[in-house]
Participant: 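Take a look at this one; I'll ask things after.
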Amino acid sequence: MQPKLIIHGGAGSSLRGKGGEEAVRTALFDAIDKVYALLKAGSSAKEAVVLGCRLMEDNPRFNAGTGSVLQSDGQIRMSASLMDGLIQRFSGVINVSRVKNPIELAQFLQEGSDRVLSDNGAAELLRELGKPIYDPLTDIRLQEWMAERNNNFSHEMAGVIAEPELASEPGRGTIGVVALDSEGRLAVGTSTGGKGFERIGRVSDSATPAGNYANAHAAVSCTGIGEDIIDECLAARIVVRVTDGLPLGEAMGRSFQEAGSRQRDFGAIALSHDGTISWGKTSEVLLAAYHTGDAKGDTLSLDTGVVTGFC
Ligand code: GLY
């Protein structure tokens, strides 16, 4: 079957008129092109997801890997997870530091019997694998944290998307990739630096089944306020609805209507086994792009409010 792909680079307040939209679109399409080429060449959904996450983690405009936000103590702690829909297997790392690509740790853990590691365990795994020590800190994130410190941490979270003054280096957000390969296998990966300025030890949704979930029927990656995503158990909720027979577009629509009524702030991207691509958001903007096999599209210009869609 024709492979399908959707990726996101975060959700948050609107980019409209702020100068960052085109740069974010270019970054998303660049990643889509590379990952879709791999799928087209016959790679598995899981391999494609890992490549997509790595590319997005390496792009400093997104809040994952290089360019991750800083927590309240000025340290970076990243989380990432990978789920193989075919065998319904989740793996991930929570609050890991000093690694270039957290998704590669999640990938390694797919094969083990202990599949989710937190800070100390993830650091030990890094040593075991001989991964070089890497500092994901960027100047923009350091400046952002220093400004917040001077302001007594008045914001609840760091910027997750492009800001006007960052037009030359715009766009930051949690990242996620969902793929359906030519053999009909689904996989999903999500990676984040967290909200920024959070309490030490706060755990993101991105390495939980609330933020990243897949089975043979559907796969979903979430972005936005992790606490809201966990309260809705969003990714697993959508996947279970599809598993129980609801078409993906309807599963997204129903889940986002419910979330909107509870004033949640997040977005999600999804694929189902029949090749339907879908997205949804309660936040102002969802930075997502997709490839249907025939055409590319994005969600950068959706209306404000609760919006879901599919193709
Ligand atoms: N969704 C990313 C976070 O809240 O940490």
Side-chain angles (χ1 to χ4, degrees), residues 6-13 53 56-57 59 61-73 75-83 90 92-97 99 102-103 105-106 116 118-119 122 136 141 144-145 148 153 155-161 171-178 188-213 219-238 255-256 259 262-270 279-288 299:
I6 182 163
I7 67 174
H8 73 70
S13 56
C53 288
M56 303 283 276
E57 286 175 342
N59 189 331
R61 60 170 48 95
F62 299 115
N63 173 21
T66 304
S68 285
V69 297
L70 280 61
Q71 299 198 335
S72 53
D73 61 347
Q75 299 299 308
I76 289 176
R77 297 181 184 86
M78 301 168 287
S79 299
S81 68
L82 179 64
M83 189 147 186
F90 183 97
V93 285
I94 294 172
N95 286 337
V96 64
S97 308
V99 61
I103 195 67
L105 296 180
V116 183
S118 65
D119 42 14
R141 289 307 190 181
E144 184 182 49
W145 181 82
E148 271 305 298
F153 295 106
H155 286 100
E156 268 186 42
M157 61 189 296
V160 291
I161 54 171
R172 302 162 294 175
T174 292
I175 67 96
V177 180
V178 191
V188 59
T190 304
S191 183
T192 189
K195 286 195 298 189
F197 319 140
E198 62 266 76
R199 193 181 271 265
I200 301 166
R202 180 254 182 192
V203 172
S204 161
D205 63 287
S206 299
T208 75
N212 189 75
Y213 199 75
V220 179
S221 169
C222 302
T223 174
I225 305 287
E227 284 71 6
D228 285 358
I229 294 166
I230 289 169
D231 285 347
E232 294 292 321
C233 202
L234 187 65
R237 185 190 200 90
I238 295 164
S255 304
F256 274 84
R262 290 188 274 267
Q263 284 78 52
R264 306 300 193 193
D265 186 357
F266 53 51
I269 57 171
W279 53 87
K281 66 164 193 68
T282 59
S283 51
E284 278 181 36
V285 73
L286 171 66
L287 307 181
T299 65

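Quick caveat, the model's predicted, so the values are computed rather than measured. Side-chain atoms are counted along with the backbone in the values below, which use heavy atoms only and exclude waters and symmetry mates. Note that ligands are numbered from 1 as they come in the structure, with each ligand's atoms numbered from 1 the same way.
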Participant: What atoms of ligand 1 come closer than 4.0 angstrom to any heavy atom of Thr192?
Facilitator: 2 (C)
Participant: Does a side-chain heavy-atom distance below 4.5 Å link Phe197 with Leu70?
Facilitator: no
Participant: I need the single residue from Ile94, Asp205, Val116, Thr208 that forms a side-chain contact (heavy atoms from CB on, under 4.5 Å) with Ser79. Which is it?
Facilitator: Ile94
Participant: Can a donor-acceptor pair be found between the side chains of Asn212 and Ser221 at a distance below 3.5 Å?
Facilitator: no
Participant: Within the 4.0 Å heavy-atom shell around Lys195, which atoms of ligand 1 are there?
Facilitator: 4 (O), 5 (O)
Participant: To which protein heavy atom is atom 5 (O) of ligand 1 closest, and what is the distance rounded to 0.1 Å?
Facilitator: Arg202 NH1, 2.7 Å
Participant: Do ligand 1 and Ser204 have nitrogen or oxygen atoms that lie under 3.5 Å from each other?
Facilitator: yes
Participant: Gln71 pairs by side chain to side chain donor-acceptor pair (under 3.5 Å) with which of Lys195, Arg77, Arg202?
Facilitator: Arg77
Participant: Do any nitrogen or oxygen atoms of Ile225 lie less than 3.5 angstrom from nitrogen or oxygen atoms of ligand 1?
Facilitator: no
Participant: Would you check the N or O atoms of Gly194, main chain and side chain alike, for any that come under 3.5 Å of an N or O of ligand 1?
Facilitator: no
Participant: Would you say the side-chain atoms of Thr192 and Thr174 include a donor-acceptor pair closer than 3.5 Å?
Facilitator: yes
Participant: Of all the non-hydrogen atoms in the protein, which one sits nearest to atom 2 (C) of ligand 1, and at what distance?
Facilitator: Asp205 OD1, 3.3 Å
Participant: Show me which atoms of ligand 1 lie under 4.0 Å from any heavy atom of Gly224.
Facilitator: 1 (N), 2 (C), 3 (C), 4 (O)
Participant: The test is side-chain contact (heavy atoms from CB on, under 4.5 Å); show your working for Phe266 and Thr282 and say whether it passes.
Facilitator: CA-CA 6 Å; Phe266 53 51; Thr282 59; 4.0 Å; yes
